[in-house]
Amino acid sequence: MKSAEIRQAFLDYFASQGHTVVPSSSLVPENDPTLLFTNAGMNQFKDVFLGREKRDYTRATSSQRCVRAGGKHNDLENVGYTARHHTFFEMLGNFSFGDYFKREAIRFAWEFLTGTLGLPEERLWVTVHVSDDEAADIWLKEMGVSAERFSRLDEDNFWQMGDTGPCGPCSEIFYDHGEDVPGGPPGSENDDLDRYIEIWNLVFMQYDRQPDGELQPLPKPSVDTGMGLERIAAVMQGVHSNYEIDLFQALLKAAAEATGCQNLEEKSLRVIADHIRSASFLICDGVIPSNEGRGYVLRRIIRRALRHGHKLGQDKPFFSTLVAALVAQMGQAYPELVREQARIEKTLLGEEEQFARTLNAGMKVLENAIAGLQGSELPGDVVFALYDTHGFPPDLTADVARERGLTVDMAGFEKEMEAQRALARGTGAFANDYSDRLTIESVTAFSGYEKLADQDEIVSLYKD
Ligand code: ATP
Ligand code: MG
Ligand code: MG
Ligand code: MG
């Protein structure tokens with residue numbers, strides 16, 4: 001089954017079960033300052049779950065475009081390293097707003113996977129929250145799932161959209177890609193490897209988390225589910241990695257042609273194929289590359305992709321040429337992509353031309369610093385100089401460092417940033433002309449959920 005057919009089969013199945021098919025919302029959340037980008041199918045229904053908004057249906061289904069490149073759910077650092085994480089992906093979902101609850105949600109999911117899609121039960125593994133006897137009974141006694149492929153977990157089985165908002169215990173379904181792939185079942189030591197891949201999360205929405213952490217009950221128990229289209233497509237196409245599915249093969253081929261790298265399994269090509277989707281869809285939805293906030297996250301994604309192109313030996317603009325391949329793959333499902341194609345290409349090309357001016361020089365500085373390095377940590381002043389003079393976002397520098405088995409001193413970088421800020425405060429707002437590179441505001445923007453979450457994650461990733 002092609003990705004497009006799976007998407008359609010999902011929507012058709014849930015429509016036949018009384019769900020209204022709702023189009024994907026924008027990647028830029030409407031009226032939700034707690035959210036950087038749309039990160040799940042439930043985002044557009046947040047106020048319905050909270051009882052603040054009424055719709056003329058109580059069951060909905062959608063295929064939602066999502067970006068997880070910052071904030072609570074951030075997979076930027078995983079891209080290229082796992083078989084299953086993207087910055088942009090599509091989340092298939094079914095939702096109940098005070099209509100059905102655990103029993104039906106579980107039955108629908110099981111029926112769709114083992115009935116409509118015909119997946120063998122022996123390949124599926126189910127988890128529930130440690131406290132959730134009700135869901136455990138439904139799975140084991142009513143659906144007849146084997147206790148040998150079932151576990152109860154704690155944090156992994158409690159889902160929340162962000163630090164505040166709707167949340168609840170969840171039940172997840174995993175697909176076993178077989179003994180040839182390293183990794184253990186959910187809850188085991190190696191469960192983060194890619195043998196057992198989580199395909200579907202059924203969230204039993206029961207609470208609204210308050211800023212002080214308190215869990216307030218929702219007006220009515222509800223259901224929110226999410227299944228990654230690319231992950232289920234890999235299962236249905238008999239391949240292990242998301243990058244082997246139809247859609248990604250086409251993008252990888254286009255990227256291979258544009259960069260001159262022939263090895264479709266090359267990590268850098270995967271990063272580029274991933275990033276062209278998030279960058280294009282973000283621009284399509286109105287985000288403009290800039291030095292702060294959402295635009296800065298977009299710029300970071302683009303610059304990462306350009307650096308990977310540079311690594312493959314391409315120093316001419318190439319990234320913007322990939323939009324055509326993306327439109328060929330996804331334009332039918334997303335007509336807005338077709339409409340915005342020219343604007344997306346122009347925006348990306350502009351970013352490529354701008355960064356090309358400093359990318360080469362910056363890489364030389366970085367190579368020299370690495371060559372002369374004592375120990376395995378790149379000092380904060382180097383990270384800062386690259387950022388300040390060459391427009392290298394710190395996560396880009398960290399990406400290079402990680403490839404060489406090095407860590408970066410993010411605390412040292414922060415100290416340099418603070419000194420820079422103090423200087424700017426002392427000398428007035430117009431002290432520096434940053435027209436061509438990142439301003440000092442850029443990493444302080446989104447301090448609530450972008451800078452802290454992101455940089456803490458970078459620090460923790462590269463510190464150990
Ligand atoms: P994982 O544990 O693999 O990181 P998750 O638990 O963070 O996934 P959820 O928040 O439960 O994911 O999202 C629901 C579903 O969306 C997942 O079961 C998965 O199929 C899909 N999904 C989540 N993150 C990604 C991603 N970065 N790229 C592709 N698909 C994803
Ligand atoms: Mg995750
Ligand atoms: Mg998970
Ligand atoms: Mg999950």
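One-based numbering, in listed order, for ligands and for the atoms of each.
- Centroid-to-centroid, the aromatic rings of H240 and Y175 stay 6.0 Å apart or farther.
- Between the side chains of N94 and T61, no donor-acceptor pair of N or O atoms lies under 3.5 Å.
- Counting protein heavy atoms only, atom 11 (O) of ligand 1 is closest to N201 ND2, 2.7 Å.
- With hydrogens left out, the protein atom closest to atom 19 (C) of ligand 1 is R231 NH1, 3.4 Å, a heavy atom.
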For R303 and D395, run salt bridge (Lys or Arg N to Asp or Glu O under 4.0 Å): C-alpha distance rounded to whole Å, both residues' side-chain angles, the deciding distance at 0.1 Å, then the answer.
CA-CA 10 Å; R303 291 190 173 187; D395 66 270; over 6 Å; no

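- Here the heavy atom of the protein found nearest to atom 18 (O) of ligand 1 is E198 OE2, 2.8 Å.
- Between D99 and R59 a salt bridge is recorded (basic side-chain N to carboxylate O distance below 4.0 Å).
- Considering backbone and side-chain N/O atoms, G228 comes within less than 3.5 Å of an N/O atom of ligand 1.
- Counting protein heavy atoms only, atom 28 (N) of ligand 1 is closest to H86 N, 3.0 Å.
- At under 3.5 Å, not a single nitrogen or oxygen of N242, backbone or side chain, sits near a nitrogen or oxygen of ligand 1.
- E198 contributes atom OE1 as its closest N/O/S atom to the Mg ion (ligand 3).
- Close approach of ligand 1 to E172 is summarised as follows: ligand atoms under 4.0 Å from at least one heavy atom of the residue are 6 (O), 11 (O).
- Residue W159 approaches ligand 1 through these ligand atoms, each under 4.0 Å from one of its heavy atoms: 9 (P), 10 (O), 11 (O).
- Here I199 has backbone heavy atoms under 4.0 Å from ligand 1, and that is the only part of it that gets that close.
- Counting atoms of ligand 1 from 1 in the listed order, those under 4.0 Å from a heavy atom of M91 are 13 (O), 14 (C), 16 (O).
- Where the criterion is an N or O separation shorter than 3.5 Å, residue side chain and backbone included, H73 fails it with respect to ligand 1.
- Look at R65 and E90 and you find no salt bridge, because none of the NZ, NE, NH1 or NH2 atoms lies under 4.0 Å from a carboxylate O.
- Using a 30° and 60° split on the angle between ring planes, Y207 and F158 fall in the parallel class, below 30°.
- A donor atom on one side chain and an acceptor atom on the other are found under 3.5 Å apart for S25 and Q64.
- Residue-to-ligand polar distances keep E230 apart from ligand 1: every N/O pair is separated by 3.5 Å or more.
- Using cut-offs of 30° and 60° on the angle between ring planes, the pair F45 and F97 is tilted.
- Polar contact check, F89 against ligand 1: no nitrogen or oxygen pair lies under 3.5 Å apart.
- Other residues, nucleotides and ligands contribute more than 12 heavy atoms inside 6.0 Å of the NZ atom of K267.
- Here the side chain of R68 pairs a donor or acceptor atom with the backbone of N39 at under 3.5 angstrom.
- By the 4.0 Å N-to-carboxylate-O rule, E403 lies close enough to R307 to be salt-bridged with it.
- Protein heavy atom in closest approach to atom 27 (N) of ligand 1: D75 OD2, 2.6 Å.
- Less than 6.0 angstrom separates the ring centroid of Y243 from the ring centroid of H86.
- Which of Q160, E90, R68 comes nearest to atom 12 (O) of ligand 1 through a heavy atom is settled by distance: it is R68.
- Nearest non-hydrogen protein atom to atom 1 (P) of ligand 1 is H85 NE2, 3.7 Å.
- Both the backbone and the side chain of R84 come within contact range of ligand 1, each with a heavy atom under 4.0 Å.
- Closest to atom 15 (C) of ligand 1, if we only count protein heavy atoms, is G226 O, 3.5 Å.
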